Visitor: 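Pasting in a structure now, in structure tokens, and then I'll have a few things to ask.
Sequence lines set the chain letters: A, B, ... in the order given, protein chains first and strands last, and positions in each chain run from 1. This one's a predicted model, so the numbers in the text were calculated from it and none came from an experiment.
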Number of protein chains: 2
Amino acid sequence: MQMNPHVLIVEDEEPIAQLLKYNLEKEGYRVSVAGDGEEALLLADEGKPDLVVLDWMLPKLAGIEVCRRLRSARDSRNTPIVMLTARGEEGDRIRGLDTGADDYVVKPFQMSELLARLRAVMRRIRPALADDKIAAGDVTLDRGSHRVKRAGKDVHLGPTEFRLLEYLMQHPGRVFSREQLLDAVWGSEVYVEARTVDVHIGRLRRALNAGHDFDPIRTVRSAGYSFDVDG
Amino acid sequence: MQMNPHVLIVEDEEPIAQLLKYNLEKEGYRVSVAGDGEEALLLADEGKPDLVVLDWMLPKLAGIEVCRRLRSARDSRNTPIVMLTARGEEGDRIRGLDTGADDYVVKPFQMSELLARLRAVMRRIRPALADDKIAAGDVTLDRGSHRVKRAGKDVHLGPTEFRLLEYLMQHPGRVFSREQLLDAVWGSEVYVEARTVDVHIGRLRRALNAGHDFDPIRTVRSAGYSFDVDG
DNA sequence: CATGTCCGTCACGATAGTGTCACGCAAGGC
DNA sequence: GCCTTGCGTGACACTATCGTGACGGACATG
């Protein structure tokens with residue numbers, strides 16, 4: 001189940017936007033186009049793009065602003081951003097990278113260079129997209145079919161447990177605090193008790209470890225939880 | 001996030017300042033508070049904060065001015081700045097980002113959002129502080145996975161022992177007094193007996209040296225302790 | 001409406017971790 | 001050698017943190 005990556009183009013100059021759209025579609029991407037910053041945020045929110053190509057000079061909402069909002073906590077997917085800047089805007093470029101852009105291309109650009117850059121960013125930031133699945137140890141999580149398996153057998157998880165496991169498995173071994181998990185899984189705008197994380201971890205464990213004796217979820221006292229592939 | 005980053009809050013409204021202080025400390029930051037711009041520059045100079053939270057509306061010295069001076073040559077550390085602005089001050093916001101602020105949060109804000117933003121800025125600007133491993137001799141300490149190994153084998157440490165070792169390993173060979181260690185590991189706001197450090201050093205030694213004959217922790221009589229990589 | 005699923009919160013018990021003390025040994029100074 | 005001071009550590013009471021069963025509410029489904 002390999003869906004073509006979805007690219008959002010944010011560019012106010014119509015000819016350039018169309019050129020990009022044409023070439024990217026030929027390359028196999030699904031493409032949306034936004035003409036200004038507000039539209040960009042709207043489309044990003046509902047389209048869940050896998051990658052954003054962002055022009056730096058925009059009407060209504062500056063590129064940096066779009067970049068920052070895309071990067072805000074609601075975007076737990078950490079969508080990679082490639083910005084387009086005009087020659088000589090060194091300061092903007094650096095600020096862009098600081099704000100969370102992943103790469104930039106200087107206008108005017110060779111289409112082939114842009115495509116190469118996009119491929120590179122995709123590979124670097126979301127290797128997971130190449131295959132829709134994450135696997136660690138004997139646990140497999142499939143984003144496409146929304147399924148989790150342990151040792152080949154289906155495991156039923158609630159939506160929150162699924163996202164929790166997904167987030168933990170994205171960085172195996174890494175310990176996340178309850179606050180980090182709340183931010184990433186629940187979102188920064190809702191307030192829930194930190195201990196709620198514990199309860200969901202418990203439910204996740206019960207579902208995941210039924211019939212197994214190794215628990216891949218590690219508790220680190222007064223620090224948080226992590227997903228470990230073993231020992 | 002454990003070798004607690006130091007945050008300087010510049011905010012003239014006392015209740016907000018206290019709220020911030022409380023939450024940031026709970027999050028594990030060390031916190032200083034400045035009530036106006038002049039105090040801010042003073043504290044920034046002597047406290048060497050890792051991050052500054054800067055209110056835009058200040059008595060005596062406007063936020064933008066503080067921002068500019070923090071950014072001037074004296075601050076070679078390029079300390080990241082997050083500014084707090086009131087809703088609708090778009091112009092200020094942009095000028096702030098131009099002046100060198102790294103991000104902003106609009107008042108009123110959700111605490112969780114601010115915390116997330118601070119974490120993001122820290123990650124972006126100083127990955128070394130938030131992440132990575134320290135190694136010295138045959139001991140490795142990994143902040144990300146919260147693990148300590150001696151000669152490749154896992155060593156289990158309590159939270160305090162972990163932070164203690166982390167602090168010592170950051171400056172191998174350097175001797176820290178009990179007071180310094182209390183300040184850095186326990187925090188300046190709690191009062192505990194200086195001898196408590198001894199007990200934790202003992203526990204740390206027992207865990208770290210099990211099955212080894214070289215003790216990397218050196219006692220310097222009437223001075224303190226240090227982590228030494230070799231005899 | 002009845003039923004089922006999932007969620008967030010609470011309360012309780014278990015246990016790992018913490019701070020302090022006291023005792024005895026070790027390290028110097030003289 | 002003797003005395004003073006500093007350090008190591010077992011013991012212990014206390015606390016913080018974690019796991020989990022229970023419960024009521026939200027929401028969807030039939």
Side-chain angles (χ1 to χ4, degrees), chain A residues 146 148 154-168 175-210 213 215-226, chain B residues 2 25-28 112 146 148 154-168 175-210 213 215-228:
Chain A
H146 222 263
V148 174
D154 257 313
V155 174
H156 176 76
L157 297 180
T160 306
E161 288 143 41
F162 184 87
R163 272 176 298 151
L164 184 54
L165 179 62
E166 180 185 11
Y167 191 72
L168 289 173
V175 176
F176 297 99
S177 70
R178 291 169 175 73
E179 286 72 22
Q180 286 177 298
L181 292 172
L182 286 175
D183 261 17
V185 176
W186 278 258
S188 59
E189 51 279 332
V190 291
Y191 179 74
V192 287
E193 292 289 327
R195 289 297 310 276
T196 300
V197 175
D198 298 14
V199 178
H200 278 272
I201 287 280
R203 289 168 180 161
L204 179 53
R205 276 185 172 134
R206 197 184 323 172
L208 211 56
N209 298 335
D213 51 350
D215 178 8
I217 297 175
R218 174 173 56 122
T219 303
V220 179
R221 190 163 241 259
S222 79
Y225 299 96
S226 79
Chain B
Q2 281 315 339
E25 283 179 345
K26 206 173 63 171
E27 198 72 2
S112 58
H146 225 269
V148 174
D154 257 309
V155 174
H156 177 79
L157 298 180
T160 308
E161 288 144 41
F162 185 89
R163 290 197 307 268
L164 184 55
L165 178 62
E166 181 184 15
Y167 191 72
L168 289 174
V175 178
F176 296 99
S177 71
R178 290 170 176 72
E179 286 71 25
Q180 285 177 298
L181 292 173
L182 284 175
D183 233 38
V185 176
W186 277 258
S188 52
E189 53 282 331
V190 291
Y191 179 74
V192 286
E193 293 289 327
R195 290 296 312 276
T196 300
V197 175
D198 299 12
V199 178
H200 278 272
I201 288 281
R203 288 168 180 160
L204 179 53
R205 276 183 172 138
R206 196 185 324 174
L208 211 57
N209 298 336
D213 49 352
D215 178 9
I217 297 175
R218 177 171 53 118
T219 304
V220 180
R221 194 178 167 85
S222 75
Y225 299 96
S226 80
F227 186 95
D228 284 24

Visitor: Report yes if some heavy atom in the side chain of A/Leu168 is under 4.5 Å from a heavy atom in the side chain of A/Leu181; otherwise report no.
Guide: yes
Visitor: Please classify the nucleic acid contact of B/Thr219 as base, sugar-phosphate, or nothing, using heavy-atom distances under 4.0 Å.
Guide: sugar-phosphate
Visitor: Students should find this one: the first and last nucleotides of DNA chain D, 5' to 3', lying under 4.0 Å from a heavy atom of chain B. What are they?
Guide: D/dT5 to D/dA11
Visitor: Rounded to the nearest 0.5 Å, what separates atom CG in A/Asn209 from atom CD1 in A/Ile217?
Guide: 7.0 Å
Visitor: Starting at CD of B/Glu161 and ending at P of C/dG17, how long is that distance when rounded to a whole Å?
Guide: 8 Å
Visitor: Please confirm whether the shortest side-chain N or O distance from B/His156 to OP1 or OP2 of C/dA16 is below 4.0 Å.
Guide: no
Visitor: Would you give the length of the straight line joining atom CD of A/Glu193 to atom CG of A/Asp198, rounded to the nearest 0.5 angstrom?
Guide: 11.0 Å
Visitor: Would you jot down, in residue-number order, the residues of residues 198-209 of chain A having a non-hydrogen atom under 4.0 Å from DNA chain C?
Guide: A/Val199, A/His200, A/Arg203
Visitor: Do B/Arg205 and B/Thr219 pass the side-chain contact (heavy atoms from CB on, under 4.5 Å) test, and can you show the C-alpha distance, the side-chain angles, and the key distance before you say yes or no?
Guide: CA-CA 11 Å; B/Arg205 276 183 172 138; B/Thr219 304; 2.7 Å; yes
Visitor: Looking at the side chain of A/Arg221, which of C/dG19, C/dA16, C/dG28 is the nearest nucleotide?
Guide: C/dA16
Visitor: Roughly, in whole Å, what's the span from CZ in A/Arg178 to P in C/dG8?
Guide: 15 Å
Visitor: Taking atom OG of A/Ser222 and atom NE2 of B/His146, what is their separation to the nearest 0.5 Å?
Guide: 6.5 Å
Visitor: So for the helix from C/dC1-D/dG30 to C/dC30-D/dG1, with five pairs setting each end axis, what is the inter-axis angle to 10°?
Guide: 30°
Visitor: How long is the gap from NE2 on A/His200 to CG on A/Leu165, to the nearest 0.5 Å?
Guide: 13.5 Å
Visitor: Over 60° means perpendicular and under 30° means parallel, so classify the ring planes of A/Phe176 and A/Tyr167, tilted if in between.
Guide: tilted
Visitor: In whole Å, I'd like the distance from the CG atom of B/Leu182 to the C1' atom of C/dT20.
Guide: 13 Å
Visitor: Out of curiosity, B/Phe227 CZ to B/Glu166 CD, how far, rounded to the nearest 0.5 Å?
Guide: 12.5 Å
Visitor: Specify the separation, in whole Å, of atom CH2 of A/Trp186 and atom C1' of C/dC6.
Guide: 12 Å
Visitor: Where the side chain of B/Glu193 is concerned, which of C/dA16, C/dC21, C/dC6 is the nearest nucleotide?
Guide: C/dC21
Visitor: Is the shortest heavy-atom distance from the side chain of A/Val197 to the side chain of A/Glu179 under 4.5 Å?
Guide: no
Visitor: Applying a 4.0 Å non-hydrogen cut-off, can you work out what A/Phe162 is touching in the nucleic acid: base, sugar-phosphate, or nothing?
Guide: nothing
Visitor: I'd like to know if the side chain of A/Arg163 and the backbone of A/Val185 have a donor-acceptor N/O pair within less than 3.5 Å.
Guide: yes
Visitor: What is the distance from atom CG of B/Leu182 to atom OG1 of B/Thr196, rounded to the nearest 0.5 Å?
Guide: 7.0 Å
